[in-house]
Each structure stands twice: as structure tokens, then as C-alpha cells.
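Only this structure's heavy atoms are used, side chains among them; waters, hydrogens and symmetry mates stay out.
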Amino acid sequence: MKINQHLLTITGALALILVLAGCGNQSTKNSSNQMAKDQTVNISTDSEISTLDTAKASDSGSLTPLYQIGEGIYRLGPKSKVENALATSTKVSKDGLKYTFKLRTNDKWNNGQPVVAHDFVYGWRRVVNPKTASGYSYLFEGVKNYSAIQKNKLSPNKLGVSAPNKSTLVVHLSHPVPYFKLLLAFPTFFPQQESAVKKYGSSYGTSSATTAYNGPFELADWNGTSDTWTMKRNPNYWDKQAVKLNKLKFQVVKTPSTGLSLYQQNKLDVVTLSGEEVPSYKNRPEFKKFVGGSTIYLEMNQKRVKALKNVKIRQALSQIINKQSLATQVLRDGSTAPKGFVSTNFFQNPKTGADFASDAYEKSGVAYNQSQAKKLWAAGLKQTGVKKLHLSLLSDDTDQSKKTTQYLQSQFNKLPGLSITIHNVPTKSKLSRSTSGDFDLVVSSWGADFADPINFLDLMTKNNPTNNGHWANSQYDRYIEASKTTDANNRTKRYADLVNAEKVLMKDQGVIPLYQPATTQLWRTNIHGFVWNPAGMSNGYKGLYVTK
């Protein structure tokens with residue numbers, strides 16, 4: 001999912017760092033601790049909520065709360081272990097093309113009405129409807145008739161999903177999808193209440209009052225632009241006895257120093273630190289560090305800027321950037337230089353156990369070589385017939401984002417004839433401009449939504465709605481297609497397809513990986529039970545509790 005550079009506020013990141021990332025968990029539960037009477041936690045986040053419409057949410061600022069107020073067929077436990085949520089049983093055909101789910105009959109929407117199998121059918125059809133323009137519709141690619149629906153050859157009602165009765169959901173796939181169960185824990189696959197969506201129309205998901213949900217918490221005090229909101233325990237949730245917190249209060253804090261001050265004043269219980277603050281707090285018992293499954297990268301708009309179609313220009317822009325210096329000297333928060341587009345410590349070779357990022361490593365795609373960069377730049381300008389180039393650089397308006405763009409500008413200024421204008425804007429505006437193509441260069445972020453390299457690599461296929469730079473490579477697309485079709489059931493061949501795709505992406509410099517982010521936070525030591533699951537964080541706040 002798209003995430004903020006300075007990501008993760010606890011579940012958040014889901015997105016990043018989580019964003020999936022990774023493969024770690026954090027749990028501090030101590031059965032001897034006595035529960036506090038006031039089960040309230042105050043949390044800072046650097047991102048506003050863009051939307052609560054599960055069909056349209058694509059950034060961590062929106063997906064994080066959706067994991068808490070909604071629920072789907074499965075949830076993910078530590079190490080991305082699939083756990084039943086609304087499903088009570090699952091039957092899969094021998095050929096892997098048919099899934100039959102039996103659903104709980106005691107789950108309710110926040111308005112008290114029952115959640116039924118049709119709510120999944122309606123929600124999924126709405127996501128794949130081209131008119132919805134869902135940024136995550138491509139995740140349904142393996143569901144029968146998806147491709148034809150996207151080409152307007154079939155109605156969304158022909159999607160391979162049906163509800164024979166209120167508690168049975170049947171899904172037909174067009175080809176085996178090795179990670180299908182992981183997808184079903186992601187908010188885009190959550191149910192949607194048809195009556196609520198139709199009642200609120202274009203206002204659906206734009207405020208806490210115009211959204212239907214069925215998860216552990218209810219959302220209050222969010223009007224679409226609020227920088228504070230509250231989550232309360234949902235009395236209609238089927239597993240409400242497992243939810244210990246009464247209330248979570250959120251506050252958008254974009255400056256880490258402000259957040260730290262509020263933490264020190266006991267006005268915040270969870271706060272994200274800047275790189276400057278880490279040395280002073282890294283040995284404290286409340287210090288937490290989350291790493292893995294996410295990447296920060298630069299997209300180059302080849303549709304808007306003709307010169308960016310030139311591979312040497314793209315390679316020059318990449319090789320002039322000292323990624324190691326950016327991570328360790330500028331950010332200083334535990335972030336690391338990237339090996340490629342797909343994160344390290346994320347996925348392993350099914351035969352050898354080697355890290356995917358190591359197997360797919362293509363040095364030229366992430367190298368720092370100032371002299372070579374200048375040679376490539378000169379050659380690229382000559383080939384494109386351009387002597388000078390002025391580019392805009394778009395990113396978020398957080399402190400960390402500003403540090404990153406200022407550093408990139410200083411690096412790019414080393415290329416003769418290149419000038420850069422920085423635009424740091426609120427996350428919601430950045431996402432909108434990025435999606436509409438209103439940029440030359442944009443600092444983007446991705447945190448894996450499920451534990452498979454395809455979740456990163458799919459983004460760069462020619463027609464993926466998240467490929468905002470419009471990079472295209474036919475060989476790359478063939479590798480990705482083979483991994484989903486002819487080689488889908490052969491783990492070794494599929495893995496090789498994905499490795500080869502990553503190498504093509506890096507050789508052609510389709511994107512410029514900048515760094516792998518780390519999130520460092522302070523948690524009051526009386527907050528326990530949180531399970532950090534990079535691949536979706538779908539357990540989120542449900543397990544949190546406060547002790548005396």
C-alpha cells in the first residue's frame with residue numbers, strides 16, 4: 001500500500017513497514033500485569049485519513065483505520081499466519097480454482113444489521129467495476145472474469161463470486177493464486193454494506209457518520225478533514241470480548257519534535273521519533289523499532305517529461321544519489337540503503353532460503369557512482385537533444401519527507417544543466433497529484449500488503465494503476481504474467497520469474513529505490529499485547545491493553 005515516508009504509527013503502517021513488511025512481531029503481554037481501569041491509548045500519526053471507502057483506500061493513512069474498524073474473511077497473525085475472522089471453515093478444490101467459505105452468522109454492521117455473504121459479493125463487484133476506479137482492483141486479477149470486466153466486455157456482476165445463502169461464499173479463480181488467502185485479510189476484500197453505500201452515494205466513506213463497518217472498533221469525530229479522531233470498542237463486534245481497549249485517540253502530528261513534547265507531557269502514549277532523537281532514546285525500555293517489507297522510491301513521469309523516457313537519463317538520476325548517505329547520515333533513524341525495489345528480509349528462495357533481494361540484486365540499479373552518472377547524463381541529454389532540464393520534485397510535507405527532498409535536490413544539482421523545484425504538500429494532495437500525473441519526479445512509498453514479491457513487482461506492470469511514472473517494459477510484463485499463469489503452481493519457476501522481473505526493472509531503471517525505512521517509536525511501558533505483523537498488521541489494536 002502507499003505509505004507515508006515517515007511511516008508507521010503503530011499499525012500503520014501497515015503499510016509500510018509494515019507496511020508488510022517484514023516479518024517480525026512485537027508482543028509484551030505479561031499475564032501478571034493488572035489491567036488499568038482506563039483502557040485508553042493516545043496515538044500520534046503523521047497522516048490524515050483520505051477515505052474510509054474500502055473500495056478506494058490505497059494509502060496507509062486510510063488502510064490503518066480500516067483494519068481496525070473493518071474485518072474480512074481472515075486476519076493475519078504473526079509471520080503472516082492466516083487466521084479465521086469471519087470465516088469458520090474453508091474448502092479449496094484440488095485444482096485450486098474454487099474456494100468455498102462458511103461465514104459466521106453473528107457478525108453485525110455498526111448499525112446492528114447482520115453481515116452476510118452477499119456483502120462480500122457486492123463489495124468485490126464494486127471494487128472491480130471500472131467506474132469505481134479502485135487503485136487496488138488489480139488484486140482481484142485471479143478471480144474469474146476480472147480481466148474481461150476491466151475491458152468492459154462483461155458486467156461486474158459476472159465476477160467469479162457468489163453467495164448461495166447468507167452464510168456461504170463461493171469464489172472461482174481463473175488460475176491458481178498461491179497467495180490468495182493472504183489477500184483475503186486485506187481491506188479491499190472486506191465486505192461492503194450495499195444499503196449504506198447507496199444511501200450515502202458520493203459521501204460514502206468521507207466521514208465517520210457516512211461509513212458502514214464491522215470490525216473491533218467504531219470510528220468517531222472524523223469529518224473528512226479532521227486531524228484528530230477517536231476509535232471506541234464496537235459493541236456489535238462478534239469477538240468483542242477479545243477487545244480490551246475502550247478507546248483510542250488519534251492526533252495528526254507531522255513534526256517529530258512536537259510529538260515528543262506531547263509524549264513528555266503525557267498527552268501522547270505512542271509517538272514516532274526522528275533520526276536526531278533516536279540516539280537519546282534507543283536504550284530506553286519504551287523504545288521500539290520496526291523494519292521490513294517496505295520501500296521508498298522515486299517515480300519518473302515518462303508520460304509528461306520526454307527526456308525521462310531515456311534510460312541513460314534515468315540511470316544518471318539514480319547513480320548521482322548516495323543512498324547509503326541518505327539512510328545513515330540524513331535520516332539516521334535505522335533506515336537502510338536498498339538492494340532493489342523489493343524489500344530485504346521479506347521473502348525467501350523456496351529452495352535455498354536465500355533472501356529474494358539478494359537473489360535479484362542488480363548493482364547498477366542502486367549504485368552510487370558520481371562520475372558515471374555525469375557521463376550517462378551527458379549521453380542521455382545528447383540522445384534526447386536537450387541541453388538543460390528543469391524538473392519538479394513532489395513529496396509529502398512531513399519533516400522526514402522534507403529532509404529527503406532537500407537531499408535529493410542537492411544530489412541532482414551535481415548533474416550539469418539540471419535544476420529542481422521542490423513541492424512538499426499534504427499526503428492527500430500528494431497522492432492525488434501522483435495519481436493524476438501532476439508531477440515530474442515523485443517520492444513514493446510502498447509497504448507490502450501480503451508476503452510475496454508480486455505485491456511490489458505488480459506495481460510496475462504497464463497497466464497497473466499505481467504505475468504513475470508510466471514505465472513500461474514488455475519483457476518485464478512477460479515475467480510477471482508467467483509467474484501468475486504458466487508457472488503459478490511451480491514454486492521454483494515462479495520464483496525465477498519474479499527474480500528476473502526485478503532484474504529487468506533495475507537494469508532499465510524503471511524506478512529509483514531510495515531507502516528502506518525504519519520506524520522508531522516510544523511506547524509507554526504500560527501498553528501491552530500489540531502484535532506487529534508487517535504483512536498487513538491486521539491484528540492491529542485488537543490485542544492492545546493497558547496495565548496499571
The side-chain contact (heavy atoms from CB on, under 4.5 Å) partners of Pro178 (sequence neighbours excluded) come to Arg494
Is the Phe356-Tyr495 ring centre distance short of 6.0 angstrom?
-> yes
Qualifying side-chain hydrogen bond (donor to acceptor under 3.5 Å, both in side chains) pairs, either residue in residues 170-184, two or more places apart | none
Smallest heavy-atom separation, Asp46 atom then Val252 atom, equals C-CG1, 4.2 Å
Partner residues of Asp355 under the salt bridge (Lys or Arg N to Asp or Glu O under 4.0 Å) criterion, sequence neighbours left out = none
For Thr466 and Tyr136, does a side-chain donor sit closer than 3.5 Å to a side-chain acceptor?
-> no
Do the non-hydrogen side-chain atoms of Gln68 and Pro216 ever get within less than 4.5 Å of each other?
-> no
For Ser44 and Gln251, test the side chains for any donor-to-acceptor distance below 3.5 angstrom and give the result as yes or no.
-> no
What residues, two or more places apart in sequence or in another chain, satisfy salt bridge (Lys or Arg N to Asp or Glu O under 4.0 Å) together with Glu71?
-> Arg75
Run the ring-centre check on Tyr99 versus Phe180 and record whether the distance is less than 6.0 Å.
-> yes
Any donor-acceptor N or O pair under 3.5 Å, side chains Glu48, Thr225 | no
From Asp508, Leu457, Asn500, residue fulfilling side-chain contact (heavy atoms from CB on, under 4.5 Å) relative to Tyr476 = Leu457
Restricting to pairs with a member in residues 200-216, which pass salt bridge (charged side-chain N to carboxylate O under 4.0 Å, His left out), not counting sequence neighbours?
-> none
Do Ser226 and Asn223 pass the side chain to side chain donor-acceptor pair (under 3.5 Å) test, and can you show the C-alpha distance, the side-chain angles, and the key distance before you say yes or no?
-> CA-CA 6 Å; Ser226 314; Asn223 64 12; 2.7 Å; yes
Between Phe341 and Trp446, is the gap from one ring center to the other below 6.0 Å?
-> no
Measure from the ring center of Phe456 to the ring center of Phe346 and say whether it is less than 6.0 Å.
-> yes
Nearest heavy-atom approach of Gly510 to Met300 is O-CE, 3.9 Å
Once the angle between the rings of Trp124 and Phe189 is folded into 0 to 90°, is it parallel (under 30°), tilted (30 to 60°) or perpendicular (over 60°)?
-> perpendicular
Closest heavy-atom pair, Pro465 versus Ser134, reported as atoms and distance to 0.1 Å, is CG-O, 4.4 Å
Where do Arg104 and Ala87 come nearest, in terms of heavy atoms and distance?
-> NH2-O, 3.9 Å
CG-OG1 distance between Asp396 and Thr427, expressed to the nearest 0.5 angstrom = 4.0 Å
Thr295/Tyr515 under side chain to side chain donor-acceptor pair (under 3.5 Å): CA gap, chis, key distance, verdict = CA-CA 6 Å; Thr295 185; Tyr515 65 93; over 6 Å; no
Take Lys102 and Thr168 through the test side chain to side chain donor-acceptor pair (under 3.5 Å) and record every step on the way to the result.
-> CA-CA 5 Å; Lys102 288 295 183 180; Thr168 304; 2.8 Å; yes
Residues passing the side chain to side chain donor-acceptor pair (under 3.5 Å) test with Arg478, sequence neighbours excluded, are Gln475
Does the side chain of Asp95 come within less than 4.5 Å of Pro176's, by heavy atoms?
-> no
For residues Val511 and Met460, determine if any side-chain heavy atom of one lies less than 4.5 Å from a side-chain heavy atom of the other.
-> yes
Any chance you could measure Leu514, atom CG, to Tyr297, atom OH, to the nearest 0.5 Å?
-> 10.5 Å
First locate atom OG1 of Thr51, then atom OH of Tyr204, and finally report the distance between them rounded to the nearest 0.5 Å.
-> 8.5 Å
Heavy-atom pair with the smallest gap, counting every atom of Lys339 and Ser358 | NZ-OG, 2.9 Å
N-O pairing of Asp487 and Lys493 below 4.0 Å = no
Those residues at least two apart in sequence (or on a different chain) that pass side-chain contact (heavy atoms from CB on, under 4.5 Å) with Lys199 are none
Determine, stepwise, if the pair Thr54 / Gln192 fulfils side chain to side chain donor-acceptor pair (under 3.5 Å).
-> CA-CA 8 Å; Thr54 55; Gln192 295 175 29; 3.2 Å; yes
Just wondering, do Tyr146 and Tyr138 contact through their side chains at under 4.5 Å, heavy atoms?
-> yes
With the side chain counted from C-beta on, respond yes when Trp238 and Asn106 share a heavy-atom pair under 4.5 Å apart, and no when they do not.
-> yes
Flag the pair Phe101 / Leu103 as yes when at least one side-chain heavy-atom distance between them is below 4.5 Å, and no otherwise.
-> yes
Which residues pass the side chain to side chain donor-acceptor pair (under 3.5 Å) test with Asp53, sequence neighbours left out?
-> Arg126
Salt bridge (charged side-chain N to carboxylate O under 4.0 Å, His left out) contacts touching residues 215-241 (sequence neighbours left out) = Asp239-Lys542
Side chains of Ser207 and Thr210, donor plus acceptor under 3.5 Å = yes
Is there any salt bridge (charged side-chain N to carboxylate O under 4.0 Å, His left out) pair reaching into residues 136-154, and which pairs are they, with sequence neighbours excluded?
-> Glu141-Lys484
Taken in chain and number order and not counting sequence neighbours, the residues that satisfy salt bridge (Lys or Arg N to Asp or Glu O under 4.0 Å) with Lys503 are Glu362
Find the distance between CD1 (Ile49) and OG1 (Thr206) and round it off to the nearest 0.5 Å.
-> 11.5 Å
Go through Lys247 and Thr230 one step at a time and tell me if the side chain to side chain contact (heavy atoms under 4.5 Å, CB included) criterion holds.
-> CA-CA 7 Å; Lys247 186 180 298 183; Thr230 302; 3.4 Å; yes
Return yes if a side-chain donor-acceptor contact under 3.5 Å exists between Asn468 and Ser434, otherwise no.
-> yes
Heavy-atom pair with the smallest gap, counting every atom of Ser444 and Glu299 | OG-OE2, 2.6 Å
Pairwise side-chain contact, Val443 with Leu394, heavy-atom cut-off 4.5 Å (strictly under) | no
Minimum side-chain heavy-atom gap Ser395-Val442 below 4.5 Å = no
Gap separating the CD1 atom of Ile454 from the CG atom of Leu498, nearest 0.5 angstrom | 5.0 Å
Distance-only check: which donor-acceptor pairs under 3.5 Å involve side-chain atoms of residues 107-118, not counting sequence neighbours?
| unit_1 | atom_1 | unit_2 | atom_2 | d |
| --- | --- | --- | --- | --- |
| Asp107 | OD2 | Asn214 | ND2 | 2.9 |
| Trp109 | NE1 | Asp119 | OD2 | 3.1 |
| Asn110 | OD1 | Tyr213 | N | 2.9 |
| Asn111 | OD1 | Gln113 | N | 3.1 |
| Asn111 | ND2 | Gln193 | OE1 | 3.3 |
| Gln113 | OE1 | Gln193 | NE2 | 2.9 |
| His118 | NE2 | Glu194 | OE1 | 2.9 |

Interatomic distance, OG1@Thr105 vs CG@Leu86, rounded to 0.5 Å, equals 11.0 Å
